Amino acid sequence: MSSRKILVTAALPYANGQIHIGHLVEYLQTDIWVRFQKLRGHRCLYICADDTHGTAIMISAKKEGISEEAFIARTHGEHQQDFAQFDIEFDNYGSTNSPENRELCGEFWTQIRQAGLVKEKDVEQLFDPEANTFLADRFVRGTCPKCASPNQPGDNCSACGAHYTPIELIDPVSTLSGATPEVRSEKHLFIELEKLHGFLDEWTQSGAHLQPEVANYLKGHFLHEPLRDWDISRPAPYFGFEIPDFPGHYWYVWFDAPIGYMASTKQWCAKHGESFDDWWRGDTAEIHHFIGKDITYFHTLFWPGMLKTAGFALPTKVHIHGFLTVDGAKMSKSVGTFVAARTYLDHLDPAYLRYYYASKLTPRVDDLDLNLEEFATKVNADLVGKVVNLASRTARFAGATGLSETYPEDGGLFAHAAAQSEEIAAAYEACDYNKAMRMILALADRANPYVETKQPWTLKKDPDKQGELQDVCTVALNLFRQLAVYLAPVLPRLARQTGELLGDPIVRWDQAQTPLVGTPVGKFEHMLQRVEPKKVEAMIEASKEEAAAAEAAAPSAHNDSDEALQAEPLADECTFDDFTKVDLRVARVVAAEQVPEARKLLKLTLSLGGDERRTVFAGIKAAYEPEQLVGRLVVFVANLAPRQMKFGLSEGMVVAAGPGGADVFLLNVDEGAVPGQRVH
RNA sequence: GGCGGCAUAGCUCAGUUGGUUAGAGCAGCGGAAUCAUAAUCCGCGUGUCGGGGGUUCGAGUCCCUCUGCCGCUACCA
């Protein structure tokens, strides 16, 4: 077979959070595929990177009071560590916030502009004046414009099902800051994807690049009508790359993220003296993307369209998998099934998860269920009981003699397993790991009865049968080694341990074709511990606690400091009678005007209802414009002794909080209260 | 509403282009063995292959239809 050049990517994890067992479905599926290809002797690169741009990163960094760069640098380290400990081996792990990516984005942009696909349009969007950012739908809640249910999401109503834009919401609130967002209009750049409709029809429906259900999905949901323009710019502030010919605007994160695959490849090429174009132009290399079903349309419509327009190679295949469920349900933080990679590693061996996922993965887009009880029984029965047990029950007998000089008669067992090689390989190639695992385990099921019938433990006792004993062990260990070769993509550590035990590293798939003879056998040590259900429980328990702790540590919008209290400690106790001496009243501001000579004061005219008017000079000039005050309700200290001021008589005061200067905040009065009412 | 998928033993599933009495693992029951991480081996399944109809000499396997579940999507086919 001729050697292929294969570039493989897994989706770029967002730098906003830690890796969890749901992510690992994809990185393990991909890692197994890559290891398989390498074992088969192909040139194969596993390329990934952190996806670092966008509003969410900005917000997270701000929350922690650090720069976006510092934030994503920290995540980058954490991600790489988690992956490495799961034996996920990338050839290059980059970042979308890299010079290579910026440069490539520019290159794409030039080509897309030249192809006449870029269009400018005005977009109205909600803007959070406090967080100083435009708000995506999911960051807005408010009252449904149709049925008036309060606290509904930004895109549709959970009560009546109405669909709307966040702009239509009544009393919208930003979930980032709690502020009331305002509508702002901005220019955005769009890619006219419709101009590529013909190409995308052909590419998605050819049958070569996508799973059939995915091709059908695209046809039914997008390609049956004109494709909508794709909004690929975001106005400042935005953490990302500024668009060179459109200052103040940035490429939307989904524009630069897939280009990150290429940027990461470019880094690898620079390190290894390889030509980037050999991998991403022409047809010398295959390109395989592994992604989850949630990002299907970015990878099957926009991305091929971008590549096509910019003159790069198109994906050979996009492999799409489903989501992870745990015990039949969505991962849940409160139940403890939202398990971080790190938490898993604190309790369990990564080999378990690698094998369990492999045994469940098929080429289909179906969701994958991690049943925790099955997880333990399956791993123990299959790997410990059947596979490793083969070595465990014979290696000790062969330590003294090593393997026989010639491979003994084994009733065709080795030849049978060798003959399965191509079919198992085809299952791996097709991402049908479920089938591959079943075939491999069936081989283990043939090997154990062999040991049973030959009874090496009986042979051991008979000095005349030492040769036979050596032969039996030679067969059993070779059958075991075949399994280790076939399982090597899934269980790299087991393959390494097997190589050490038999003094012959496992590096090629076709090592399963030839038995090992005449070599020494090392001291057997346990290769894999059994899964202890208690540890699985402990992991779930730990996840539950982590979720609870995270909740307590981050009261989201209410992360209050003690600064205010420190600055102005609590006053001495007073009696209720003391309190009632102060007559607080609701009042409406009916007039407000500047006092030109005053540095801090505004002159307010307050109505207490009816004809009652009071004039107050309030020290809020730096915080409020007179026009924003007129009409609003305030809390007024009605019986405060009048005070003659330079500009007139002040007949009371309005209450406000804050240290002063521009940081003064008038107390608001909830709806329903009317001027003249006393505050109790 | 539309599109896609699934429906096979208590549980998880396999059944390749339709072909002999429908299989495996786990769990369960009985036995053996004691080399091995209480691992292993042997034996034990009368399942309406979701219901109905059709094509065919023959269908779990193809077609139609109904029902149920899941996913995506939405008033637009």
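Chain A is the first sequence line, chain B the second, and so forth, proteins listed ahead of strands; every chain is numbered from 1. Quick caveat: nothing in here was measured; it's all calculated off a predicted structure.
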| Side-chain (A:Q211) to main-chain (A:P363) donor-acceptor, under 3.5 angstrom | yes

| task | Write out all pairs satisfying ring pair (Phe, Tyr, Trp, His ring centres under 6.0 Å) with one or both partners inside residues 455-497 of chain A, taking only residues at least two apart or from two chains. | result | A:Y486-A:W509

| message | Taking B:rU40 as the reference, what is the distance to B:rU61 when you measure between their C1' atoms (whole Å, please)? | response | 37 Å

| message | In whole Å, measure the gap between the C1' atoms of B:rU56 and B:rC63 for me. | response | 12 Å

| note | Between CD of A:E373 and P of B:rG10 the distance, given in whole Å, is 17 Å

| query | What integer number of Å spans the C1' atoms of B:rU12 and B:rG47? | reply | 16 Å

| request: Starting from P on B:rU16, measure out to CZ on A:R438 and report it in whole angstrom. | output: 12 Å

| query | P atom, B:rU16 versus B:rC76: distance in rounded Å? | reply | 43 Å

| Nearest-Å distance for atom pair CD/P, residues A:E374 and B:rU12 | 9 Å

| Whole-Å distance between B:rA74 P and A:E225 CD? | 10 Å

| said: When you compare the side chains of A:W33 and A:H288, does any donor N or O come within less than 3.5 Å of an acceptor on the partner? | reply: no

| task | Could you say whether A:E213 or A:R228 is positioned toward the 5' end of RNA chain B, judged by the nucleotide with the nearest heavy atom to each? | result | A:E213

| task | Could you state the atom-to-atom distance from CE of A:M437 to C1' of B:rC13 in whole Å? | result | 16 Å

| So which pairs with a foot in residues 201-210 of chain A pass side-chain hydrogen bond (donor to acceptor under 3.5 Å, both in side chains), sequence neighbours left out? | A:W203-A:H209

Using a cutoff of under 3.5 Å, can you pull out all pairs of nitrogen or oxygen atoms linking the protein to nucleotides 70-72 of chain B, with atom names and distances?
| residue | atom | partner | partner atom | Å |
| --- | --- | --- | --- | --- |
| B:rG71 | O2' | A:K293 | NZ | 3.4 |

| task | Round to the nearest Å and state the distance from A:N448 atom CG to B:rC42 atom C1'. | result | 14 Å

| note | Output row for RNA chain B, stems defined as at least 3 consecutive Watson-Crick or G-U pairs under 3.5 Å, is B:1-7 with B:67-73, B:10-13 with B:23-26, B:28-32 with B:40-44, B:50-54 with B:62-66

| Excluding sequence neighbours, so at least two apart, what forms side-chain hydrogen bond (donor to acceptor under 3.5 Å, both in side chains) with A:Q455? | A:T458

| task | Name all pairs fulfilling the salt bridge (charged side-chain N to carboxylate O under 4.0 Å, His left out) condition that reach into residues 371-389 of chain A, sequence neighbours left out, sorted by first residue then second. | result | A:K360-A:E374, A:K378-A:D382, A:K386-A:D445

| task | Would you jot down, in residue-number order, the residues of residues 353-364 of chain A having a non-hydrogen atom under 4.0 Å from RNA chain B? | result | A:K360, A:R364

| Would a distance-only check, ignoring hydrogens and angles, find a side-chain to backbone donor-acceptor pair under 3.5 Å from A:H188 to A:K121? | no

| said: Show every ring pair (Phe, Tyr, Trp, His ring centres under 6.0 Å) that has at least one partner inside residues 351-373 of chain A, sequence neighbours left out. | reply: A:Y356-A:F375

| query | Taking the C1' atom of each, how far is B:rC70 from B:rA24, in whole Å? | reply | 25 Å

| request: Give every residue pair that meets the salt bridge (charged side-chain N to carboxylate O under 4.0 Å, His left out) criterion with at least one member in residues 424-433 of chain A, sequence neighbours excluded. | output: A:R4-A:E429

| query | What integer number of Å spans the P atoms of B:rC26 and B:rC41? | reply | 8 Å

| message | Using whole Å, what does the distance between atom C1' of nucleotide B:rC42 and atom NZ of A:K454 come to? | response | 18 Å

| query | Centre of A:F338's six-membered ring, under 6.0 Å away, within 45 degrees of the axis: is that where NZ or CZ of A:K333 sits? | reply | yes

Please list every donor-acceptor pair under 3.5 Å in which a side-chain atom of residues 517-544 of chain A meets a protein atom from a residue at least two apart or in another chain.
| residue | atom | partner | partner atom | Å |
| --- | --- | --- | --- | --- |
| A:S543 | OG | A:M539 | O | 3.0 |

Expected list for residues 390-400 of chain A: side-chain donor-acceptor pairs under 3.5 angstrom, two or more places apart:
| residue | atom | partner | partner atom | Å |
| --- | --- | --- | --- | --- |
| A:R393 | NH1 | A:N448 | OD1 | 3.2 |
| A:R393 | NH2 | A:E452 | OE1 | 3.1 |
| A:T394 | OG1 | A:L390 | O | 2.8 |

| said: Each nucleotide in nucleotides 31-39 of chain B should get exactly one letter: B, S or -. Can you fill that in based on protein heavy atoms under 4.0 Å? | reply: --SSBBB-S

| field | Separation between the P atoms of B:rA7 and B:rG60, rounded to whole Å | value | 15 Å

| Separation of the C1' atoms in B:rC49 and B:rA14, to the nearest angstrom | 13 Å

| Aromatic centroids of A:W230 and A:F302 separated by under 6.0 Å | yes

| Interatomic distance, A:R446 CZ vs B:rU40 P [rounded to whole Å] | 18 Å

| field | Near-ring test A:Y27/A:F86, centroid separation under 6.0 angstrom | value | no

| message | Closer than 4.0 angstrom, basic N to acidic O: yes or no for A:D87 and A:R493? | response | yes

